[in-house]
Amino acid sequence: MNQVRVRFAPSPTGYLHVGGARTALFNYLYAKHHHGVFVLRIEDTDLARSTEASTRAILDSMAYLGLDWDEGPEKGGDYGPYFQSQRLELYKEYAEKLLSMGRAYECYCTPEELDQIRQEAAAQGRDPKYDGRCRNLTDTQRREFVRQGRKPVIRFKADFEGTTLVDDLIRGQVIFDNNQLDDFVIIKSDGMPTYNFAVVIDDALMRITHVIRGEDHLSNTPKQIQIYQALGFAVPQFAHIPMILGPDRTRLSKRHGATSVGQFQEEGYLAEAMVNYLALLGWAYDDSQTIFSKTELIEKFSLSKVSKNPAVFDLAKLQWMNGVYIRELSLDELYQRTLPLFKSWGFVPQEVGSELEAKVKSVLRVLQERVKTLADLKEASCYFFQDEVRYDEKAVSKVLFKEGAAEILSSLLPELLAVKDYTQENLEPVFHKAQEQRQCKLADVIQPVRVAVTGTNVSPGIYDVLAILGRARACQRIKDALALIKSRQEGQVHDG
Ligand code: GLU
């Protein structure tokens with residue numbers, strides 16, 4: 001077999017979404033598995049909707065996911081240019097070829113006339129297809145249209161006889177009746193090619209062997225095959241991958257929450273987790289394995305194990321998987337990846353000295369098990385870095401304003417100030433002693449301190465938290481909490 005050449009061909013009209021990223025990933029994995037070539041082609045012929053910002057966002061998201069392309073923008077290659085907007089001459093050349101072969105023709109119908117054709121068809125219960133009225137224009141008719149200032153489109157002269165077989169690597173043999181087709185437009189009146197035409201010219205000239213794309217394009221495939229055949233190009237293998245649905249089983253969209261890869265990146269999803277999760281949207285290796293490194297995916301991926309059925313995007317599963325990958329990181333790696341975030345939240349300055357680095361690592365060590373995304377660290381760690389504690393009102397009224405809390409805090413305070421070596425190990429006995437003296441639950445001693453120093457009633461182990469905070473800050477917060485309790489008691493006396 002010739003070398004495998006696949007491509008991902010996004011239209012730069014928005015961000016890279018989960019569906020596009022999954023298509024890119026399947027192409028990437030297929031190429032790598034077969035030691036082939038992964039081409040990135042930007043389909044930017046829709047001038048009104050394509051933007052450079054979108055191209056940038058797509059390239060950035062691909063880079064974040066580590067889906068490096070072998071040929072394409074910023075890389076070059078032997079089959080460029082890789083932007084469709086820079087290939088217009090090629091589309092023109094092949095459209096002219098079809099014209100001269102009699103497999104295409106100029107159509108001068110106005111939008112109003114086309115509308116009328118559609119309405120008539122609808123009234124008669126037929127498909128709203130173009131009726132081919134410009135197929136056989138005489139020179140006189142053509143000249144008259146030109147004189148009227150009409151600009152033609154170029155239509156492909158479709159073959160309406162028989163059937164077209166799409167031998168799909170995932171969907172099997174799908175047979176389309178050619179009488180469903182019409183003479184579709186290949187070059188618009190502004191000279192731009194349509195998707196169905198440009199995609200064939202590019203896939204053929206770029207020597208694409210396998211077209212792996214979303215199932216929404218299956219119905220375009222017979223049109224494309226007819227163009228391949230008319231131009232004598234080899235038809236590539238097709239593989240149409242299943243759609244991605246939201247939990248309500250409608251097509252995944254913004255309504256379902258974050259769908260752009262950039263958003264997941266911002267929310268602190270690790271690329272490894274995203275790639276692993278995306279791979280499972282429509283593909284499975286066996287019933288048991290869910291965690292795959294990229295190397296393993298490359299080794300194990302095959303189109304034969306891609307499902308025909310739609311895949312459901314399950315955010316909870318992605319979050320779980322992200323947690324798995326976060327816990328797998330070494331402390332140093334976790335530190336490297338989160339430092340930019342801590343800086344962006346203003347928790348640490350641009351320059352981080354060794355003492356602060358040690359503190360950040362201690363924080364990460366106690367939180368690594370507890371977060372699902374890196375962005376969760378903001379909420380979970382703010383009290384380690386900010387001077388002011390943000391009190392959670394519920395926790396305050398439930399724990400701090402509970403009878404006995406002030407007594408516990410004020411008796412622990414001198415003990416904490418007196419601990420010789422202020423470490424996690426030496427703090428623990430202080431709390432146990434307080435518990436024994438009162439014959440209460442350990443939690444009754446711990447919770448008021450937890451709310452006092454973190455503002456909330458959930459945190460990592462209290463001894464860890466106190467040790468990382470340091471004696472001065474921890475004790476100051478206990479004093480602040482005591483003041484808060486006192487001011488409330490006084491307020492109540494006045495109110496009463
Ligand atoms: N630009 C098309 C899209 O984004 C490409 C489809 C294809 O892969 O043929 O849907």
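Because only heavy atoms are used, hydrogens play no part in the values below, and waters and symmetry mates are left out as well, while side chains stay in. Each ligand, and each atom within it, is numbered from 1 in the order the structure gives.
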Checklist entry - Identify the closest protein heavy atom to atom 8 (O) of ligand 1: which residue and atom is it, and at what distance? => result Arg7 NH1, 2.7 Å
Which atom pairs, donor and acceptor, lie under 3.5 Å between side-chain atoms of residues 63-72 and protein residues at least two apart or in another chain?
residue	atom	partner	partner atom	Å
Tyr64	OH	Tyr269	O	2.6
Trp69	NE1	Pro73	O	2.9
Asp70	OD1	Lys32	NZ	3.4
Asp70	OD2	Phe38	N	2.7
Glu71	OE1	Arg5	NH2	3.0
Glu71	OE1	Tyr82	OH	2.6
Glu71	OE2	Arg5	NH1	2.8
Glu71	OE2	Arg5	NH2	3.3

Item to check | Those atoms of ligand 1 less than 4.0 Å from some heavy atom in His217 | outcome: 3 (C), 6 (C), 10 (O)
Item to check | Under 4.0 Å to a heavy atom of Glu43 - the qualifying atoms of ligand 1, by number | outcome: 1 (N), 2 (C), 5 (C)
Item to check | ligand 1 atoms in contact with Ser11 (distance to a heavy atom under 4.0 Å) | outcome: 1 (N), 2 (C), 3 (C), 4 (O)
Next on the checklist: For Tyr195, state whether at least one heavy atom is located under 4.0 Å from any atom of ligand 1.
Outcome noted: yes
Checklist entry - Within the distance-only criterion (no hydrogens, no angle test), does the side chain of Arg150 pair as donor or acceptor with the backbone N or O of Tyr108 below 3.5 angstrom? => result yes
Item to check | Mutual orientation of the aromatic rings belonging to Phe342 and Phe385 [parallel < 30°, tilted 30-60°, perpendicular > 60°] | outcome: tilted
Item to check | Check: Phe233 ring centroid to Tyr94 ring centroid under 6.0 Å | outcome: yes
Checklist entry - Arg213 heavy atoms, cut-off 4.0 Å: which ligand 1 atoms fall inside? => result 7 (C), 8 (O), 9 (O)
Checklist entry - For ligand 1, which atoms have a heavy atom of Val199 less than 4.0 angstrom away? => result 9 (O)
Next on the checklist: With a 6.0 Å cut-off on the ring centroids, do His210 and Tyr30 count as close?
Outcome noted: yes
Item to check | Plane angle bin for Tyr228 and Phe238 - parallel if under 30°, tilted between 30 and 60°, otherwise perpendicular | outcome: perpendicular
